[in-house]
Amino acid sequence: MNLMEKKDRSGKQDWREDIRSDQNKERKEEEDDLMVEDLDEEEEEEFEENESGINGLLQRPYMTTVLLGVIVLLLLCIIILLVLMPRQKEVSDANGNLQQNITEYAQEQKQNDVQNVSGEDIVVQIPDKEEENKQNASVSGQESTGKKPQTEKMPESDQFVSADGDKTAVVVDIEDENDAAYTKEYILNEALPYFADNNQDAIWDLAHLKRYVKLSSSLEGTDQYYYTGAVNGNGRPEGKGLAIYEKNSYYYGSWSDGKRSGEGIWFRFYIGQKDKNNAMGKYMAHSYSGSWANDMPNGQGAEHYDVDISKLQVRERILQNIVGNFSDGLYDGELYANTVDYTGNVEEWSGITSRGVFTLWRDMSAIGECSVWRKNDDHSLCMDIDKSENKNQGIRELLKKENK
């Protein structure tokens with residue numbers, strides 16, 4: 001074989017090889033395309049299988065109930081958290097405020113002894129001895145704070161209740177009456193707002209505290225009284241004011257030149273006392289409310305007794321209220337009264353007086369008695385007193401002869 005034939009053969013082989021390579025390349029591209037198409041089909045099949053599985057799962061009946069239960073549970077948890085969080089904060093704040101309020105209250109009570117509600121605090125004597133003991137008067141002027149002090153209440157375990165619901169006259173053993181803070185200024189300022197409001201429940205409670213009993217007893221036999229309120233240029237009570245006297249007695253109302261004058265109310269509390277003034281323990285307190293002049297009840301007014309009916313005997317009745325006109329503390333004119341008996345039954349009576357002497361409905365001199373009260377709805381029934389006592393009938397504890 002010559003060289004030309006070899007070249008021709010090799011040229012033919014190269015051409016054939018090129019054709020083969022082109023054919024192989026086309027086959028390879030076709031195979032790649034087929035492989036890509038197969039992969040796409042497999043992915044679509046898998047997606048369809050997955051989608052159909054989820055839809056099938058969701059379409060099952062019990063799955064709806066489960067999902068609703070989960071949603072409700074989550075909502076309940078959220079609501080509980082929203083409710084509890086503010087309450088915890090509120091309790092925390094309340095505890096902090098309570099502790100702060102208790103501390104502030106304790107400090108305020110200790111500072112009240114230097115505060116005066118209105119006017120001046122003075123020790124006043126009965127007018128006929130005023131000039132003689134003028135140097136004994138003490139004055140301290142502080143402006144009103146406008147605050148009402150807190151009243152110490154009797155513990156439930158220490159309360160004694162009579163059959164008609166009234167508390168008996170006992171001293172409340174809940175504080176140290178020797179506390180240096182309990183000056184006369186402190187006590188007067190503490191009591192004044194309650195007298196001004198005529199809060200008789202609070203007045204009762206205050207009068208039975210040890211510090212009040214002790215302050216009143218310090219005036220025993222001195223013809224003096226402690227006073228807080230308005231005064232005139234001479235330093236005498238003028239206008240509205242409160243006075244504390246001996247024997248657990250108080251007056252709040254109008255004054256004129258050192259004397260009770262105008263409208264006012266007087267109290268006396270029978271604390272630890274059992275004598276004829278309180279009918280041997282049957283009366284717990286005595287009061288008069290109405291018109292005053294020249295330091296005595298003058299004009300229309302009402303006298304009242306707090307009665308412990310548990311101490312009354314069977315079929316016993318006792319005077320509770322007397323309403324009418326008064327002259328220098330004496331009964332004067334037509335009077336209306338009511339009594340209460342051991343069962344709490346109330347009856348109404350009438351009487352006629354002139355300067356402390358009753359007009360008799362019935363004279364029983366033979367037995368030394370006379371009828372002075374007649375029952376309103378049955379005039380045949382009367383109440384009697386000893387004939388020798390038919391004089392100076394009135395508010396006996398306020399009569400001048402009783403105070404001398």
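If you're wondering where the values come from, they're calculated on a predicted model, not measured in any experiment.
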Salt bridge or not between R211 and E190? Use side-chain N to carboxylate O under 4.0 Å. yes

Closest heavy-atom pair and its distance - I322, L335: CG2-CD1, 4.2 Å

Find out whether Y212 and I187 are in side-chain contact, i.e. whether some heavy atom of one side chain is under 4.5 Å from a heavy atom of the other. yes

Short side-chain to backbone donor-acceptor contact, Q224 and L219, under 3.5 Å: no

Are a donor atom and an acceptor atom from the side chains of T343 and N345 found within less than 3.5 Å of each other? no

Can you tell me if CD on E334 sees more than 12 non-hydrogen neighbours from other groups inside 6.0 Å? no

Side chain to side chain contact (heavy atoms under 4.5 Å, CB included) between M284 and Y270: does it pass, once the steps are laid out? CA-CA 5 Å; M284 298 180 293; Y270 302 115; 5.5 Å; no

Nearest 0.5 Å please: distance from the CZ atom of R268 over to the CG atom of L398. 9.5 Å

Apply the test side chain to side chain contact (heavy atoms under 4.5 Å, CB included) to residues L81 and I78: give CA-CA distance (whole Å), side-chain angles for both, the deciding distance (0.1 Å), then the verdict. CA-CA 5 Å; L81 288 174; I78 292 171; 5.8 Å; no

Using the rule given for side chain to side chain contact (heavy atoms under 4.5 Å, CB included), can you reason through K387 versus E369, listing the C-alpha separation, both sets of side-chain angles and the distance that settles it, and then say yes or no? CA-CA 5 Å; K387 192 170 184 179; E369 293 184 355; over 6 Å; no

For a ring-ring contact (aromatic ring centres under 6.0 Å, His included) check, start with the C-alpha distance between W266 and F326, then their side-chain angles and the critical distance, and finish with the verdict. CA-CA 14 Å; W266 166 87; F326 296 80; over 10 Å; no

Out of curiosity, I79 CD1 to L74 CG, how far, rounded to the nearest 0.5 Å? 11.0 Å

Enter the distance from W204:CH2 to F267:CZ here, rounded to the nearest 0.5 Å. 11.0 Å

Correct closest heavy-atom pair for I309 and V340 would be CG2-CG2, 3.9 Å

Here's a test for you: under ring-ring contact (aromatic ring centres under 6.0 Å, His included), which of Y251, Y245, W255 qualifies with Y227? W255

Counting only heavy atoms not in E348, do more than 12 sit closer than 6.0 Å to its CD atom? no

Donor-acceptor pair, distance only, cut-off 3.5 Å: does the side chain of S249 make one with the backbone of K247? yes

Students often mix this up, so state it plainly: with edges at 30° and 60°, are the rings of Y186 and Y182 parallel, tilted or perpendicular? tilted

Is the shortest heavy-atom distance from the side chain of S216 to the side chain of F269 under 4.5 Å? no

Looking just at side-chain N and O atoms, do D332 and T353 make a donor-acceptor pair shorter than 3.5 Å? no

With a 4.5 Å heavy-atom cut-off, do K311 and I318 have their side chains touching? no

Sole candidate of N338, N376, T339 that passes side chain to side chain donor-acceptor pair (under 3.5 Å) when paired with W349: T339

Kindly indicate whether the side chain of R355, heavy atoms from C-beta on, has any atom under 4.5 Å from the side chain of S327. yes

Any side-chain heavy-atom pair of H286 and H304 under 4.5 Å: no

Does a side-chain N-to-carboxylate-O contact under 4.0 Å join D295 and R260? yes

Can you tell me how far the CG atom of N278 sits from the CG atom of D306, to the nearest 0.5 Å? 12.0 Å

Can you tell me how far the CG atom of L209 sits from the CG atom of L215, to the nearest 0.5 Å? 12.0 Å

Test side chain to side chain donor-acceptor pair (under 3.5 Å) applied to E263 and S291, step by step: CA-CA 5 Å; E263 295 296 311; S291 297; 2.8 Å; yes

